Protein chains: 2
Amino acid sequence: MQAANPVEPVHYDRPTVAVDVVIFSLLDDDLKVLLIRRNAPPFQGMWAIPGSFVHSDESLEAAALRTLQEEMGFQDVYLEQLYTFGDIGRDPRTRVISVTYFALMQPDMAQRRANVDAGETAWHSMYHLPELAFDHKLILDYALKRLRYKLEYSAVAFELMPDEFTLRELQEAYMIILDDHTLDKANFRKRLRHEPPIVEPTGEVRKTKGRPAALYRFREDAKREVKARRLFP
Amino acid sequence: MQAANPVEPVHYDRPTVAVDVVIFSLLDDDLKVLLIRRNAPPFQGMWAIPGSFVHSDESLEAAALRTLQEEMGFQDVYLEQLYTFGDIGRDPRTRVISVTYFALMQPDMAQRRANVDAGETAWHSMYHLPELAFDHKLILDYALKRLRYKLEYSAVAFELMPDEFTLRELQEAYMIILDDHTLDKANFRKRLRHEPPIVEPTGEVRKTKGRPAALYRFREDAKREVKARRLFP
DNA sequence: ACAAAAGTGTTGAGAGTACACCCATGC
DNA sequence: GCATGGGTGTACTCTCAACACTTTTGT
């Protein structure tokens, strides 16, 4: 709105603005994304990322949180803006600009989803996606790229893990998200010990078959670090 | 437009959508950004990032390119989407959602700016910014962060350099952008030799006082790489 | 010869990788 | 004891920062 000659924006033909939220979770040893089946044209019967139109009295992030509330029944998750898609033909009905977000949800949250609204929603594996409406395949590809990328340089993995976990479980999470099941156990753990350390033992253990595994939690300062280090505020 | 129950978006009260473009260039051994002085309220007399409202028949990128055309008279620059700002009160007149871009411009381009439109535009040092309208200070801070970040992992610097340059000039560019004038010459050059090499000698030299310096250019494949490696398409 | 800037080589510390090994528990 | 997974140490390579050094030009 900062044209050289500022004119009241109302003179312009305005596009519609939506938010779409890519909601990730780790369930059943797989990386899942929440999708909604469309029950009306266009793309009727196909799956889509949950979204809403942005109301004029709410911020973009508020609209994304409202979408989470509507689909999941709560909104305390990690949320980060992804990218804004605005090509002309992306919605065949009318011009829609979509500000996309991605959300990371702990598995216990993901499971107590109450399927709040009437629509048919389901977790889908990112590695076996159904046919998607609009340009949503593109959005998911991009979201995955960003998630993987953030995994390398920050401690976002925490947002997808339960409060307590073993180091093997954490390593599994990395391997699932990166789709690389060859990570070396010893080296993975060495990286966790690097300064500053991001996990700390709880003192408890989890019994498995074999030697019991120590339980860990994420350090509070590491969590703060994730937000501070955001390159995309 | 992907709500669980798709409704024609026209039912909603729609915000206005703008693009704002942060245009960087290296001039006079300084990192500069193009700003426009506002000649009407609000924020009259303050400086702002160039921008336009998005027309309903153009993509976001097209709107950003049109803004460049209007302010600079041409549009062949590096352009990348930055972030979308949509808080409620950011424009006191009405609700405006701003999709921001950042552009990198070679110095010869930046100099032949014909001050195309009537508004007062000027290059300002990123290190001595005037008071800015709206939330534009925030946008600039973020753009600088992203530029610095991209400098580390990709070869975007090329977009700010002339076609031919000496290695010292390239190092100067890095030091200006990173605001770190302690880079080691030998180590800087070693990094440039890493595979894959991103510069190649032209065979020409530039006379300075002292030993003449070999001229280099960026390799075409390195330029392509910059776009391919975009984590933010 | 000297100043000025271009350009290179050497060294040592630390990070990443591959891989082998030891430890605690249940049966 | 042995299977099962948890947990660690070592040795090798590679990257990178620090710094000293050599080379080519103009005056």
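Chain identifiers are assigned alphabetically (A, B, ...) following the order of the sequence lines, protein sequences preceding nucleic acid strands; residue numbering begins at 1 within each chain. Just so it is clear, the model here is predicted, and its values are computed rather than measured. Hydrogens, waters and symmetry mates play no part in the numbers below; they use all other heavy atoms, side chains included.
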Checklist entry - Is there a side-chain contact between B:Leu170 and B:Leu192 (heavy atoms, below 4.5 Å)? => result yes
Next on the checklist: Do B:Leu35 and B:Pro130 make a side-chain contact, defined as non-hydrogen atoms from C-beta onward lying under 4.5 Å apart?
Outcome noted: yes
Next on the checklist: Strictly distance-based, threshold 3.5 Å: is any side-chain N or O of A:Tyr127 a donor or acceptor partner for the main-chain N or O of A:Ile176?
Outcome noted: yes
Checklist entry - How does protein reach along nucleotides 20-27 of chain C, written 5' to 3' as B (base within reach of a heavy atom under 4.0 Å), S (only sugar-phosphate), or - (no contact)? => result ---BBB--
Next on the checklist: Is there a side-chain contact (heavy atoms from CB on, under 4.5 Å) between A:Arg66 and A:Val19? Walk through the geometry before answering.
Outcome noted: CA-CA 10 Å; A:Arg66 179 171 52 77; A:Val19 292; 5.9 Å; no
Checklist outcome for this item: Contacts of A:Asp179 meeting side chain to side chain donor-acceptor pair (under 3.5 Å) (sequence neighbours excluded), chain-then-number -> none
Checklist entry - Which pairs count as salt bridge (charged side-chain N to carboxylate O under 4.0 Å, His left out) when at least one residue sits in residues 200-216 of chain B, sequence neighbours excluded? => result B:Glu169-B:Arg206, B:Glu200-B:Arg217, B:Glu200-B:Arg219
Checklist entry - Ion pair present between A:Lys145 and A:Asp141, side-chain N to carboxylate O less than 4.0 angstrom? => result no
Item to check | Whether B:Ser25 side chain and B:Lys32 backbone form a donor-acceptor pair below 3.5 Å | outcome: no
Checklist entry - Is there a donor-acceptor contact under 3.5 Å from the side chain of B:Arg146 to the main chain of B:Leu82? => result yes
Item to check | Terminal contacting nucleotides, 5' and 3', DNA chain D versus chain B (heavy atom, 4.0 Å) | outcome: D:dC16 to D:dT25
Next on the checklist: Just to be sure I understand the rule, does B:Arg206 reach a base, reach only the sugar-phosphate, or reach nothing, if contact means heavy atoms closer than 4.0 Å?
Outcome noted: nothing
Checklist entry - When you check the gap from the basic side-chain N to the acidic O, do B:Glu172 and B:Arg168 get nearer than 4.0 Å? => result yes
Checklist entry - Among residues 162-169 of chain A, which residues get a heavy atom nearer than 4.0 Å to DNA chain C? => result none
Item to check | Heavy-atom closest contact (A:Ala18 atom, A:Val96 atom, distance) | outcome: CB-CG1, 4.0 Å
Checklist entry - How does protein reach along nucleotides 12-17 of chain C, written 5' to 3' as B (base within reach of a heavy atom under 4.0 Å), S (only sugar-phosphate), or - (no contact)? => result ---SSB
Next on the checklist: For A:Leu160, is there any backbone N or O sitting under 3.5 Å from a side-chain donor or acceptor partner on A:Gln106?
Outcome noted: no
